[in-house]
Amino acid sequence: MRLDNMLLAEGVSRPERRGRGGPVAAANTATPGGCSNDNSLEHSDYRAKLSQIRQIYHSELEKYEQACREFTTHVTNLLREQSRMRPVSPKEIERMVSVIHGKFSAIQMQLKQSTCEAVMTLRSRFLDARRKRRNFSKRATEVLNEYFYSHLNNPYPSEEAKERLARKGGITVSQVSNWFGNKRIRYKKNMGKFQEEATIYTTKMAVGGLGSQASCPSTPSSGE
DNA sequence: TGATATGATTCGAG
DNA sequence: CTCGAATCATATCA
């Protein structure tokens, strides 16, 4: 019965597809800001696939139910015929019918399970933020690198600092945390590869620290 | 097209 | 919760 709830929550066994996308896109644990603006285009694709799954699911379900009905009537007719030869109690008929229904519902269970799997796969395919990774803007990486290389001794920004960096770079706090996590370990892994970058940012910091940025044409400030 | 860069996620430890 | 580490999946480069 968990499967039923599952399918219901995913909108597969929903009677209609009218409005209210509902709980489909809201079941994430944290969703670190990745999907804040651009849900429309990918979502249409996602919805299309989901409705395809739903259609198959419903047609299969209908087929099973029809087959179940046919088989049930067939068996009951058979038993009715036999009742002319031997006594057939209503209890026996009832038992046969329930056995048939049990078999068919087991098959339906399998259908539900495979549908569930398909939906989960689809979900992870489309809703996983890793699938639509975008590099940060020039401005964002600049801001982050400036902080990183000016705090090389302790590159662990506080919550406030993270918020400031996030605002300055136009990204979320979670993204700032991710960036610093990646940066720390990758810098440590081989510092040699980052020496060039390090000197660039440290010298930039030195220059920028001395005379504001009034006459510095090398800070485009708006990248994209 | 393969190699590399990079953002995001997962997992265990503290 | 945050952290380091490993890993995934995509973007970008040569």
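Note on naming: letters A, B, ... go to the chains in the order of the sequence lines (proteins, then strands), and numbering restarts at 1 for each one.
Within a heavy-atom distance below 4.0 Å of DNA chain C, the residues of residues 182-190 of chain A found are A:Arg184, A:Ile185, A:Arg186, A:Lys188, A:Lys189. Heavy-atom distances under 4.0 Å link DNA chain C to no residue of residues 143-154 of chain A.
A:Lys183 NZ: more than 12 foreign heavy atoms inside a 6.0 Å radius. Heavy atoms from other residues, nucleotides or ligands lying under 6.0 Å from CD of A:Gln52 number 12 at most. Around CD of A:Gln195, the count of heavy atoms belonging to other residues, nucleotides or ligands within 6.0 Å exceeds 12.
Taking the six-membered ring where the residue is Trp, A:His74 and A:Phe71 present tilted rings, their angle falling between 30° and 60°. A:Tyr147 and A:Phe180 have perpendicular rings, their planes meeting at more than 60° on a 0 to 90° scale where under 30° would count as parallel.
Spacing between atom CH2 of A:Trp179 and atom P of C:dG4 amounts to 13 Å, rounded to whole angstrom units. Rounded to an integer number of Å, the gap from CG of A:Asn178 to P of C:dT2 is 11 Å. As rounded to whole Å, 12 Å separates atom P of B:dG7 from atom CZ of A:Phe180.
Taking side-chain N and O atoms only, A:Gln175 has a distance below 4.0 Å to OP1 or OP2 of B:dA8.
With rounding to the nearest 0.5 angstrom, the CD1 atom of A:Ile53 is 11.5 Å from the CD atom of A:Gln55. Note: A:Lys193 NZ to A:Arg186 CZ = 9.5 Å, rounded to the nearest 0.5 Å. Separation of atoms OG (A:Ser105) and CG (A:Leu111) is listed at 12.0 Å; rounding is to 0.5 Å.
Between the side chains of A:Glu62 and A:Gln66, not a single donor N or O lies within less than 3.5 Å of an accepting N or O.
For A:Tyr201 and A:Phe148, the distance between ring centers is not under 6.0 angstrom.
Applying the side-chain hydrogen bond (donor to acceptor under 3.5 Å, both in side chains) definition to pairs two or more places apart or across chains, none involves residues 94-103 of chain A.
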Please produce a list of atom pairs where a protein N or O lies less than 3.5 Å from an N or O of nucleotides 11-14 of chain B.
none

Is there any protein nitrogen or oxygen under 3.5 Å from a nitrogen or oxygen in nucleotides 11-14 of chain C, and what are the pairs?
{"from": "C:dA11", "atom 1": "OP1", "to": "A:Arg134", "atom 2": "NH1", "distance (Å)": "2.8"}
{"from": "C:dA11", "atom 1": "O4'", "to": "A:Arg133", "atom 2": "NH2", "distance (Å)": "3.0"}

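Every residue meeting the side chain to side chain donor-acceptor pair (under 3.5 Å) condition with A:Asn135, not counting sequence neighbours, appears here in chain and number order: A:Arg133.
Panel note: side chain A:Gln175, backbone A:Thr172; a donor-acceptor pair is recorded below 3.5 Å.
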